[in-house]
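Along the sequence shown, residues carry numbers from 1.
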Amino acid sequence: MLARLFRLHGLVVASHPWEVIVGTIALTVCLVSMNSLSSSQQMCSWTECPKVEEKTHSSDVITLSVTRCMAIIYIYFQFKSLRQLGSKYILGIAGLFTVFSSFIFSTVVIHFFGKELTGLNEALPFFLLLIDLSKACALAKFALSSNSQEEVRENISKGMAILGPTFTLDALVECLVIGVGTMSGVPQLEIMCCFGCMSVLANYFVFMTFFPACVSLVLELSRESREGRPVWQLSHFALVLAEEEDNKPNPVTQRVKIIMSLGLALVHAHSRLAENSSQNRTMEGPITRLESDGNMLPLKLSRNLCLLFTTLDMDLEQVLTLGLALLLAVKYVFFEQTEAEFSLSLKSPIISAPSTQKLWEAGECCKRDSVASKPQKVVKGILATNPSPLVDSGLHSPGADTLRESDQSRPSLSSVEGDEGGQTPAVPGSSCQSKTRSLDECLAILGDPQRGARFLTDEEVMTLVTSHNILNYKLEAVLESPERGVAIRREMLSSKLPDRSALAFLPYKDYDYSKVMGTCCENIIGYMPVPVGVAGPLLLDDEQFHVPLATTEGCLVASTNRGCRALSLSSGCRSRILADGMTRGPLVRLPSACRAAEVKAWLETSDGFAAIKEAFDRTSRFARLSKLMVSLAGRNLYIRFQSQTGDAMGMNMLSKGTEEALRRLQQHYPDTQVLAVSGNYCTDKKSAAINWIVGRGKSVVCEATIPGKVVREVLKSSTADLVALNINKNLVGSAMAGSIGGFNAHAANLVAAIYIACGQDPAQTVGSSNCITQMEAAGPDGEDLYISCTMPSIELGTVGGGTNLPPQQACLQMLGVQGTSSSRPGENARQLARVVCGTVLAGELSLMAALAAGHLVKSHMSHNRSKLNLSDAAS
């Protein structure tokens with residue numbers, strides 16, 4: 001219940017960032033403006049805030065000096081831990097949170113109590129010790145693991161549900177513990193503790209309101225408007241939700257905190273009661289009695305001396321803290337940079353060192369001569385030099401495995417190349433390592449937040465995978481290095497294959513796996529390069545398009561290019577979108593066929609459709625239910641939902657809306673049983689007459705008129721031959737075969753080539769290649785050729801899925817349709833559908849001409865036969 005409340009709170013804050021930020025700032029201004037009122041009243045809730053004495057004891061100076069140094073060192077380590085995350089976005093957002101909570105809100109609290117900054121500056125370092133960036137960083141990681149702005153809001157709400165209860169309890173315990181200092185009787189300590197408690201409450205308020213709103217707003221503003229994709233998503237945060245949910249607080253620790261907070265609350269209550277009973281007691285201080293005696297000269301002299309020495313002490317204290325701050329700042333800026341870049345780099349050049357350094361010696365079996373007279377050894381692309389203390393201790397330096405340039409022909413990832421003197425290990429885990437760590441030691445390193453899996457050798461990681469301590473599919477996330485995770489998975493797979501060198505020519509290096517993880521593929525072992533050709537320019541609707549085609553079939557690009565040339569020499573082709581609506585067809589079951597007929601009748605009424613549409617439409621900004629088609633088979637109902645989906649292909653959008661609509665249906669008919677969200681009535685990735693007849697996705701028609709001269713000179717055929725061949729091949733021949741939507745020559749060729757190049761789902765070529773090609777004689781003398789292609793079910797999108805991968809985005813950018821349309825949502829996807837239909841028309845035109853002229857076999861023999869295979873066969 002408590003987690004649900006915090007989740008709802010996080011969703012509201014993340015969904016209305018402007019309102020929350022403006023409200024927080026307005027509240028801050030109001031508190032500042034109240035300082036005139038607060039100066040006349042004591043508003044400290046713990047005890048009466050004492051006045052700052054002019055006299056400062058040396059013990060206070062020492063305490064303040066230690067506090068300031070601790071604050072400086074604490075903030076240094078906080079930022080050092082943040083830098084290891086490798087995200088400037090987290091640093092920026094967390095820095096904003098730190099500045100706002102520690103400085104601005106502390107200033108507001110001071111003004112609210114009617115105090116001056118000059119009197120309370122000693123408490124500011126104390127506030128820095130109360131700043132904990134770990135939870136703010138964790139919440140930022142939840143947001144940064146999102147793929148869209150909707151996921152940002154959802155993940156922030158999930159993060160608040162996980163972190164909110166713990167942070168609330170921690171804030172309560174901190175207030176009660178710090179509040180003990182208000183009962184110490186030391187005036188300066190009482191002031192610091194009083195304002196420290198207020199700072200804890202201020203930080204809690206900021207974390208629960210201002211910070212998540214800022215995160216949501218910053219990520220929304222940083223989205224690329226043209227592409228519609230997040231620029232802030234990080235690869236090693238892809239599974240952060242599951243990891244954070246697995247690392248829930250220890251219930252025993254939570255119980256101890258609750259018991260401790262109750263005990264501290266009793267202590268505070270008892271103290272307040274004791275103070276109330278002794279409020280009427282008064283006594284004069286020794287300074288007052290001295291002043292009443294009139295002996296002021298010794299008192300003034302002692303005060304002046306104390307003030308002089310206190311001033312000198314404060315100057316020394318300031319020099320000490322300032323020097324420490326400058327030293328750590330220089331170390332952080334200049335020296336930490338190199339270490340961070342080394343540990344975070346995924347593809348760094350070789351690491352060199354002076355030739356006077358000596359190679360590391362690992363036991364008797366690895367001893368060798370000094371390298372003063374021999375070249376340095378190269379270990380997978382890394383020069384073997386005198387290693388860091390991490391290597392001496394048997395650990396990898398961060399990022400060492402990600403820097404290795406593997407030799408694909410070798411089975412071992414940790415093999416070492418030596419010269420004539422023999423092999424020398426430059427990193428632990430090699431074949432001659434003197435000591436192999438046990439499973440328990442590896443688990444200890446894996447669970448250590450300061451080290452982690454990057455300090456394990458490849459062999460040790462494989463051991464942990466084999467023992468199921470690391471899940472195979474989580475290698476990229478656990479290692480925080482996708483490329484190293486892929487390399488280890490390849491090595492483990494190679495040992496199980498009939499030929500260990502089977503993966504030698506499957507590349508895996510220099511690929512941005514962050515765009516793939518959690519989106520496009522799992523258990524990655526590499527990527528498949530496919531040749532991409534270009535056909536065009538295609539003159540479509542008075543615009544020219546250069547169409548990328550990813551294919552391994554020879555002559556396809558050349559043939560399509562000839563068709564594009566024929567269209568360009570004509571007036572081009574024209575296209576129209578006939579319909580736009582993706583479908584999802586769930587399967588539900590009723591107790592009886594009569595009951596199913598009753599539900600069918602209700603769904604087909606205006607009231608039933610309106611109820612289902614209201615539930616469906618509220619699940620997305622783009623999905624709007626436009627049609628329901630209901631079919632009955634016995635007591636089973638097949639309901640086909642149809643909706644526009646913007647620039648996305650939309651299957652996930654449809655599934656989400658369909659599930660919500662089915663819940664509404666079950667509320668109206670509780671005996672409805674949902675068997676599957678997809679009952680093959682959609683129909684997706686299968687040949688189906690319903691898609692051919694009714695349509696699915698984008699329905700497009702494209703037409704062109706080719707002059708007789710172009711038909712003869714470019715296509716090397718005649719209009720009469722093309723018309724006759726189209727009737728007998730594409731129409732009658734397909735009918736004889738009982739084809740569904742296959743009344744064309746080779747539409748699937750062009751659809752598949754464009755889909756692979758532009759990041760579409762290749763399996764949807766099945767329905768998307770439904771096409772009927774028609775040809776007629778045109779013109780006054782019948783010499784011109786009229787050709788049209790009608791494609792009722794082109795299923796595609798320009799956002800989501802494979803369109804987020806950089807190579808596929810490049811092909812979409814070639815066509816000017818990458819991402820979402822800024823002016824008209826869905827226009828980029830519709831334009832891509834027009835290009836697909838126009839390219840199919842060009843391909844149909846060229847292939848039919850080649851068949852009519854008898855050039856098909858000749859062209860394939862000259863362009864599409866592998867000379868390498870022929871020579872191998874001959875030998």
Side-chain angles (χ1 to χ4, degrees), residues 1-17 20-21 23-24 27 45 78 81-82 85 90 93-94 97-98 100-102 105 127 129-146 151-180 196-216 219 237 239-268 447 449:
M1 180 63 185
L2 189 61
R4 186 177 302 175
L5 180 63
F6 277 101
R7 179 167 184 162
L8 179 62
H9 168 75
L11 184 61
V12 171
V13 172
S15 301
H16 304 85
V20 174
I21 293 173
T24 306
L27 178 61
S45 58
Q78 289 261 12
S81 62
L82 285 180
L85 296 173
I90 291 186
I93 296 171
F97 172 60
T98 304
F100 190 89
S101 60
S102 64
F105 249 78
F127 295 161
L129 293 175
L130 304 176
I131 303 298
D132 184 10
L133 296 183
S134 60
K135 292 185 176 63
C137 175
L139 187 62
K141 288 197 295 184
F142 273 90
L144 287 166
S145 64
S146 308
E151 288 190 23
V152 168
R153 302 187 185 100
E154 183 66 23
N155 289 343
I156 288 178
S157 65
K158 290 181 181 179
M160 294 297 290
I162 296 174
L163 301 174
T166 304
F167 192 62
T168 302
L169 182 58
D170 291 344
L172 176 62
V173 172
E174 286 180 12
C175 284
L176 293 173
V177 171
I178 297 172
V180 175
C197 294
M198 295 303 298
S199 179
V200 170
L201 296 178
N203 288 336
Y204 177 78
F205 174 75
V206 171
F207 178 80
M208 298 300 292
T209 57
F210 184 81
F211 178 67
C214 280
V215 172
S216 177
L219 297 187
F237 296 152
L239 302 177
V240 67
L241 298 180
E243 294 175 0
E244 290 291 341
E245 290 175 353
D246 294 340
N247 297 329
K248 291 184 177 179
N250 190 343
V252 177
T253 305
Q254 299 298 92
R255 292 194 198 100
V256 171
K257 290 182 180 180
I258 294 174
I259 296 173
M260 183 174 66
S261 62
L262 292 176
L264 290 172
L266 293 177
V267 172
H268 283 289

Item to complete: Kindly compute the distance separating NE2 (H9) from OG1 (T209), expressed to the nearest 0.5 Å.
Response: 6.5 Å

Worksheet, complete the sentence: Here the pair of heavy atoms bringing I156 nearest to G10 is CG2-O, 4.1 Å

Response to the item:
Correct closest heavy-atom pair for A161 and F6 would be CA-CB, 4.0 Å

Item to complete: Determine yes or no for a side-chain-to-main-chain donor-acceptor pair under 3.5 angstrom, with T168 supplying the side chain and G164 the backbone.
Response: yes

Fill in: Main-chain N/O of L163 paired with T166 side-chain donor or acceptor, under 3.5 Å
no

Response to the item:
P17 and A213 have their tightest heavy-atom pair at CB-O, 3.3 Å

Worksheet item: Should R153 and H16 count as side-chain neighbours, where that means a heavy-atom distance under 4.5 Å?
Response: no

Fill in: Flag, side chain of S157 to backbone of L11, donor-acceptor distance under 3.5 Å
no

